[in-house]
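A short worksheet on the structure shown next.
Just so it is clear, the model here is predicted, and its values are computed rather than measured.
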Amino acid sequence: MYGRKGVFIASIGIFLIGSVVAGLAQSMGQLIGFRVLQGLGGGGLMVGALSIIGELVTPRERGKFQAMASAVMGAAMVGGPLAGGFLTDHFSWRACFYLNVPLGLAALVTTVVALHVPKRHSEARIDFLGAALLAAVITSLVLITTWGGTQYDWTSPLIIGLAVVAVAGSAALIRVERRVAAPMLPLGVFRNANFSWANALAFLFGFVMVASMTFLPIYQQTVQGASATSAGVLMLPLLLSMVGVNTFTGQLISKQGNFRLYAVIGGVLLLTGVLLLSFMDTGTSRLTTGVYMAVFGAGIGFLMQVTLSVAMESVEMKDLGWRRPRSPSPGRSAVPSESPWPASSSPAA
């Protein structure tokens, strides 16, 4: 509604402020709250980067540029645990947040000076109700899976109440998004079978990826006796495998466009990697763990690139982070006159 560049710059600023105040936190409550602020900026950066690529890069070349972006992200994922472990062991955990400041300032200056995208303006109102409902549903699901069976019985009033909130909130969200002029979550995109398939697959492998990447450093520190720094180094097989395959697959997709083959290969590798990881115990060596993680990371690399490319090519340009209202006010068009694409065009076309 307000243009990609402005929102992207604002997201960088919010992320930087969140990083600084998180480093200044004096209690766990403050740290959690400041991390929420940092996460708001991070969410805007994730969406903004993909949206900008979608506007500036042709569909045929997107795989290549997404691979570049994935390589940068992968380098950060590889270097982040190493830098974080080193700073925590030798300085303070606060330095992990302060390290974001010079990097963020460099990104901010580069974006202001070098990024040139068409300006946008829409008369539609922001879908605050839809955003609130989605947040309520997600929060309820997180609390159910966190508290259920541990702090509270599955049949306890609190867990049942959260389940009711999740179900009722989902129904209300669908109703609101069908009626609002400019929905935050346009349900029409799910009519495309490829888009729905890509999102379902991304949900499944993302579920496994986040769980594994949360568990493995803990396993390496508590079972294999690694330090914080060493745990970051021991994650390299997974991260390098994921980044390498992701980058290579993006280039192949740009040349061949064969999504199905890479999705099948990624699914097989991911399933194999999960099965291998399930065999780890107190006697598993670090070398064996590294091999298992490399197989797992290769599967993630294939699926990450395939699902992202399929999803972006399955929707219209106006749904790549910028959407006009379905019913603009009389006499005032919600689509900017300088818009470089027709409202009915799609990346695939």
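Considering only heavy atoms from C-beta on, Phe97 stays 4.5 Å or farther from Val20 through its side chain. Using a 4.5 Å heavy-atom cutoff, the side chains of Thr111 and Ile12 are in contact. Between Val176 and Asp127 there is a side-chain heavy-atom pair separated by less than 4.5 Å. Between Leu45 and Phe8, the closest side-chain pair of non-hydrogen atoms falls below 4.5 Å. Proximity of Phe302 to Val268: side-chain heavy atoms (C-beta onward) are nowhere separated by under 4.5 Å.
Ser241 places no side-chain N or O within 3.5 Å of a backbone atom of Leu238 that could act as its donor or acceptor partner. Looking only at distances, no side-chain donor or acceptor of Glu177 sits under 3.5 Å from a matching main-chain atom of Pro183.
The side-chain hydrogen bond (donor to acceptor under 3.5 Å, both in side chains) analysis of residues 9-28, with sequence neighbours excluded, yields the pairs Ser19-Gln38, Ser19-Asn100. Counting only residues at least two apart or in different chains, side-chain hydrogen bond (donor to acceptor under 3.5 Å, both in side chains) contacts with residues 264-284 comprise Asp281-Thr284.
In the displayed structure, Arg35 atom CZ is contacted under 6.0 Å by at most 12 heavy atoms of other residues, nucleotides or ligands. Within a 6.0 Å radius of CZ in Phe203, other residues, nucleotides and ligands contribute 12 heavy atoms or fewer.
Residues Ile138 and Phe190 are members of one and the same hydrophobic cluster, defined by side-chain heavy-atom contacts under 4.5 angstrom among Ile, Leu, Val, Met, Phe, Trp and Tyr. In the hydrophobic clustering of ILVMFWY residues, with side-chain heavy atoms under 4.5 Å counting as a link, Leu16 and Leu24 come out together. In the hydrophobic clustering of this structure, Val137 does not group with Val36; members are Ile, Leu, Val, Met, Phe, Trp, Tyr whose side-chain heavy atoms approach within less than 4.5 Å, directly or through other members. Val164 and Ile144 are members of different hydrophobic clusters when ILVMFWY side chains are connected at heavy-atom separations under 4.5 Å. Grouping the Ile, Leu, Val, Met, Phe, Trp and Tyr side chains by contacts below 4.5 angstrom, directly or via other members, places Leu133 with Leu185.
Of the N and O atoms on the side chains of Gln220 and Thr289, not one donor lies less than 3.5 Å from an acceptor on the other residue.
Looking at every heavy atom in both residues, Ala83 comes nearest to Leu99 through CB-CD2, 4.2 Å. Pairing each heavy atom of Gly290 with each of Pro237, the nearest pair is O-CB, 3.3 Å. The nearest pair of heavy atoms linking Leu162 to Ser140 is O-CB, 3.6 Å. Smallest separation of non-hydrogen atoms from Tyr292 and Met280: CD1-CG, 3.9 Å. Contact record, Val21 with Phe34: O-CD1, 2.9 Å, taken as the closest heavy-atom pair. The nearest pair of heavy atoms linking Tyr98 to Pro102 is O-CD, 3.4 Å.
Put simply, CG on Leu277 and OH on Tyr219 are 9.5 Å apart, with the number rounded to the nearest 0.5 Å. Annotation: the span from Met293 atom CE to Arg286 atom CZ amounts to 10.5 Å, rounded to 0.5 Å. Distance CG/Leu37 to CD1/Ile32: 14.5 Å, rounded to 0.5 Å. Here the CD1 atom belonging to Ile9 is positioned 12.0 Å from the CD1 atom belonging to Ile14, to the nearest 0.5 angstrom. Between atom CG of residue Leu87 and atom CH2 of residue Trp93 there is a gap of 13.0 Å, rounded to the nearest 0.5 Å. Between the CG atom in Leu173 and the CG atom in Leu187 there is a gap of 7.0 Å [rounded to 0.5 Å].
Legend: residues meeting side chain to side chain contact (heavy atoms under 4.5 Å, CB included) with Gln151, ordered by chain and number and at least two apart, are Trp147.
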